[in-house]
Amino acid sequence: MPTAAPIISSVQKLVLYETRARYFLVGSNHAETKYRVLKIDRTEPKDLVIIDDKHVYTQQEVRELLGRLDLGNRTKMGQKGSSGLFRAVSAFGIVGFVRFLEGYYIILITKRRKMADIGGHAIYKIEDTNMIYIPNDSVRVTHPDEASYSYDLSHSLQYNLTVLRMPLEMLKTETAQTRQESFDIFEDEGLITQGGSGVFGICSEPYMKYVWNGELLDIIKNTIHRDWLLYIIHGFCGQSKLLIYGRPVYVTLIARRSSKFAGTRFLKRGANCEGDVANEVETEQILCDASVMSFTAGSYSSYVQVRGSVPLYWSQDISTMMPKPPITLDQADPFAHIAALHFDQMFQRFGSPIIILNLVKEREKRKHERILSEELVAAVTYLNQFLPPEHSIVYIPWDMAKYTKSKLCNVLDRLNVLAESLVKKTGFFVNRPDSYCSILRPDEKWNELGGCVVPTGRLQTGVLRTNCVDCLDRTNTAQFMVGKCALAYQLYSLGLIDKPNLQFDTDAVRLFEELYEDHGDTLSLQYGGSQLVHRVKTYRKIAPWTQHSKDIMQTLSRYYSNAFSDADRQDSINLFLGVFHPTEGKPHLWELPTDFYLHHKNTMRLSQTRRSYTDWLTPGVINHLPLPYDEVTCVENRKKLIVKKFHKYEEEIDIHSEFFRPYELSSFDDTFCLAMTSSARDFMPKNVGIDPSPFTVRKPDETGKSVLGNKSNREETVLQRKTAASAPPPPNEEAVSSSSEDDSGTDREDEGSVSQRSTPVKMTDAGDSTKVTENLVQPMKDVYGINLSDVPSEEDLSVYTRFVQLGQHQHKQDKSNQQHCSKHLDGVIKLTHISSFSQDNIYEVQPPRVDRKSTEIFQAHIQASKGIMQALGKEDISMYREYIRNRYM
């Protein structure tokens with residue numbers, strides 16, 4: 001049993017009930033054993049009045065409460081059909097409360113979809129919401145965001161697991177300072193009688209920079225219980241399953257978009273006065289061994305990188321209706337004040353080194369992008385004067401456009417070399433020590449890896465910050481190459497590959513590339529208004545000819561969005577994030593000529609304190625480098641934690657019941673782990689005898705989405721066989737037959753009728769049996785890796801003879817026969833008993849030895865059947881009280 005576990009929110013299902021005077025929001029956990037009730041007053045037209053009694057109700061108590069409310073609010077007592085309590089809507093969480101000119105609205109999550117699973121902690125995508133006017137009607141609005149009831153999405157996996165590994169004495173100190181919110185007559189006594197077997201539940205404050213509904217919840221977070229608060233992030237979340245010979249490994253990609261200085265492409269450039277940059281996204285790739293579904297005992301690894309606009313005062317004027325408006329530096333910043341604020345935030349969250357990979361153009365006929373490079377170099381040079389040399393900011397300029405146009409070099413090959421050096425400088429996070437096989441056969445690149453090595457594994461120190469002008473197409477490809485390199489190290493650290501190296505055209509890299517393309521398309525739609533224009537295949541120069549026309553359409557879509565719809569999108573973002581508050585007597589949001597003063601607070605009031613131009617880091621940050629200050633165990637960070645001690649059977653920390661849900665009927669067709677993208681089903685070729693390893697290089701036309709055969713063999717039957725883990729051993733590369741790409745729509749429909757988790761195998765007629773046999777029988781060397789000799793050795797024959805004779809002893813033999821037989825076989829081989837069999841007989845077995853404790857339990861069971869009961873021990877009493885408390889109290 002772990003000493004610490006994340007706290008699971010007890011409000012995962014909501015039902016909103018309506019009366020004439022109030023809204024009653026009833027929330028419950030997923031098992032519907034614990035309930036909370038929130039009362040919202042509807043009589044105040046302009047103020048928000050919320051009452052939370054912070055009491056945990058049982059199911060029976062909630063039914064009685066709703067019955068009394070229904071009876072008390074009827075127009076005529078006892079009259080049928082005149083219910084005083086109406087069920088308004090069912091939901092899965094509260095996004096927040098927003099105030100317009102006519103009063104407050106409540107935003108509820110009405111539709112969700114599971115997107116990923118990390119150690120049993122589910123991550124959901126918000127697909128639909130309902131915004132209800134508290135005194136009156138409701139309207140609908142959608143928000144494509146992500147949320148989780150038990151996993152803190154605003155922090156990285158490294159932070160979440162580091163918090164759970166706090167020293168035990170420190171957790172006890174924090175528990176003593178945190179008082180229980182509800183009284184329980186069994187609580188203190190139960191924890192003592194269990195001999196300290198309780199579990200510390202830990203809940204951390206979210207990192208508000210990546211929380212998008214923080215302003216909507218700010219008005220109620222101090223008046224209601226924390227279980228009602230559901231913090232959401234905006235960005236991307238995707239998960240796929242990498243099947244390695246039957247061993248499932250989940251690859252998760254999470255992108256957190258900053259809520260500070262957020263907006264659309266041309267309307268938000270550079271940085272604001274607080275150091276927050278436009279289009280800032282933190283991307284984290286997580287690898288977990290899904291064969292062990294435990295957040296504390298499983299094997300996890302993560303790597304974090306960041307993208308964001310150049311941290312300067314710059315903008316582009318879109319009134320000229322040009323595809324590439326000129327870049328203008330709005331304010332001079334000789335002391336790099338804005339860049340200092342930005343990098344100070346990064347040092348606190350990520351540690352050192354901070355590496356800048358600048359992808360903007362260096363050589364231009366007309367000075368355009370180079371303006372940003374020159375200013376950024378000057379800012380970094382100035383800031384590095386006041387940093388220790390070992391923690392200075394690393395600046396790497398790399399003109400990606402120049403290498404793309406060059407015919408003499410491959411841009412991705414150069415990026416791959418660059419990615420190797422970048423990953424080695426920061427390292428990555430893994431929650432387990434180096435495997436024994438890595439210690440016996442260490443790779444030369446493994447010893448050069450940076451980061452911080454701790455007894456429990458490795459920590460990532462520092463981060464790579466990638467930028468171009470838009471931070472979309474070039475940045476996404478560069479981040480993919482760095483992520484691909486980090487993925488190889490992650491797989492190697494978990495003992496899944498023998499060398500930290502991955503090649504293109506393997507199932508693993510294709511799966512990862514598809515994840516990154518979905519990630520890039522989503523972020524590009526949010527910021528630029530269209531999907532990616534240049535993809536990984538474009539820079540590999542293997543994109544099909546039809547891709548060129550798609551790129552043109554995406555370019556036109558992006559231009560149209562930037563010119564005509566970005567202003568309305570920017571107004572919506574400003575309103576949702578609380579940057580603009582509607583006020584009577586002041587201009588409306590759409591009447592403002594600009595939102596510059598909304599995002600730059602120094603335009604409305606002067607700052608009372610001025611930061612030093614030389615000592616620009618926050619005090620205390622530099623003392624803990626290269627470790628990030630946010631993950632250091634100090635008094636300031638401990639104040640951000642909520643620590644509470646639970647019984648080991650408490651539902652708020654029982655992630656096993658939360659994930660497997662034994663109280664409800666499960667269907668395999670609806671199970672998320674079977675529906676997610678899989679390397680074996682979606683990427684591995686369907687040919688018989690193909691190598692099932694996801695690290696084998698395939699031919700370009702070999703994918704899991706291709707169809708066997710061509711037009712001449714459409715009528716061949718397609719059968720189902722098991723997953724790729726049970727596929728035959730790998731043949732030679734020459735023996736693999738590739739699939740054709742010119743299949744008609746009928747063939748693709750036939751393939752679609754097969755189960756998604758099946759692999760088709762061709763069946764032939766009887767007349768073709770000889771040909772099939774020749775194709776299916778592989779050489780012995782290819783199948784087993786060795787060539788068997790024609791004549792076995794005498795020792796092998798003796799072992800085989802002994803094996804045959806063992807199988808012939810189907811009945812008991814007398815001792816004389818055994819002795820007589822043993823005399824003749826002593827010279828052949830001697831076998832030692834490794835089980836409880838007394839002799840070579842498959843029907844005879846000795847009874848196992850039973851320990852003392854098991855014997856006592858069995859004797860007590862026999863005595864209980866006779867009516868003789870034994871006295872209950874302390875652990876039995878504690879377990880019974882726990883059962884009574886969960887069931888009836």
Side-chain angles (χ1 to χ4, degrees), residues 1-12 27-31 33-36 54-56 118-123 147-155 157 159-184 186-207 221 224-231 293-298 300 431 631 633 637-661 878-879 881-883 885-886 889:
M1 176 67 69
T3 58
I7 298 178
I8 305 172
S9 174
S10 61
V11 178
Q12 300 187 24
S28 69
N29 59 354
H30 202 280
T33 57
K34 294 183 178 181
Y35 291 80
R36 293 185 182 272
K54 299 182 180 179
H55 177 70
V56 179
I118 301 176
H121 300 272
I123 299 174
S148 177
Y149 300 101
S150 56
Y151 184 82
D152 189 356
L153 285 172
S154 65
H155 285 290
L157 178 71
Y159 177 88
N160 291 332
L161 287 180
T162 302
V163 167
L164 296 181
R165 289 178 172 174
M166 290 179 61
L168 187 60
E169 297 299 327
M170 192 174 300
L171 292 177
K172 292 180 179 179
T173 305
E174 294 296 323
T175 308
Q177 298 175 359
T178 305
R179 306 308 303 166
Q180 302 291 347
E181 297 176 353
S182 61
F183 178 72
D184 184 8
F186 292 132
E187 186 167 17
D188 296 334
E189 183 181 357
L191 288 174
I192 294 174
T193 54
Q194 288 182 9
S197 60
V199 178
F200 292 97
I202 299 180
C203 179
S204 61
E205 289 186 6
Y207 192 66
K221 67 179 182 180
I224 65 175
H225 192 271
R226 54 178 169 77
D227 284 347
W228 292 101
L229 304 177
L230 182 63
Y231 295 101
M293 293 303 298
S294 172
F295 194 58
T296 54
Y300 297 89
N431 70 331
E631 298 176 12
T633 306
N637 290 335
R638 283 160 58 183
K639 292 179 181 179
K640 302 177 183 179
L641 301 178
I642 299 175
V643 182
K644 182 180 177 182
K645 195 169 185 179
F646 292 92
H647 295 272
K648 58 182 180 181
Y649 305 108
E650 189 72 33
E651 292 180 346
E652 290 186 69
I653 58 166
D654 187 7
I655 193 64
H656 180 272
S657 298
E658 179 71 18
F659 176 73
F660 290 101
R661 296 175 182 175
S878 175
M879 186 180 301
R881 286 178 172 175
E882 178 66 22
Y883 169 76
R885 188 174 72 89
N886 290 335
M889 300 185 65

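Numbering of residues begins at 1 and proceeds along the displayed sequence.
Side chain of His155 to main chain of Glu205: a donor-acceptor pair is present (N/O by atom type, distance under 3.5 Å, no hydrogens or angles). A donor-acceptor pair is defined here as one N or O able to donate and one able to accept, closer than 3.5 Å; no such pair exists between the side chain of Asp227 and the backbone of Val11.
The line from CD1 of Ile202 to CD1 of Ile7 is 8.0 Å long, rounded to the nearest 0.5 Å. Once rounded to the nearest 0.5 Å, the distance linking CG of Leu157 with CD1 of Ile118 reads 6.5 Å. Of the inter-residue distances, the one linking Arg36 atom CZ with Lys54 atom NZ reads 9.0 Å to the nearest 0.5 angstrom.
With sequence neighbours excluded, no residue forms a salt bridge (charged side-chain N to carboxylate O under 4.0 Å, His left out) with Asp152. The salt bridge (charged side-chain N to carboxylate O under 4.0 Å, His left out) check on Lys640 picks up nothing, with sequence neighbours excluded. Under the ring-ring contact (aromatic ring centres under 6.0 Å, His included) criterion, His121 pairs with Phe295, not counting sequence neighbours.
Considering every non-hydrogen atom in both His30 and Gln12, the closest pair reads CB-OE1, 3.8 Å. Taking every heavy atom of both residues into account, Ser148 and Ala122 meet most closely at OG-O, 2.8 Å. Considering all non-hydrogen atoms of both residues, Pro6 and Ser150 come closest at CB-O, 3.9 Å.
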- Message: side chain to side chain contact (heavy atoms under 4.5 Å, CB included) for Val199 and Lys645? Distances and angles first, verdict last.
- Response: CA-CA 6 Å; Val199 178; Lys645 195 169 185 179; over 6 Å; no
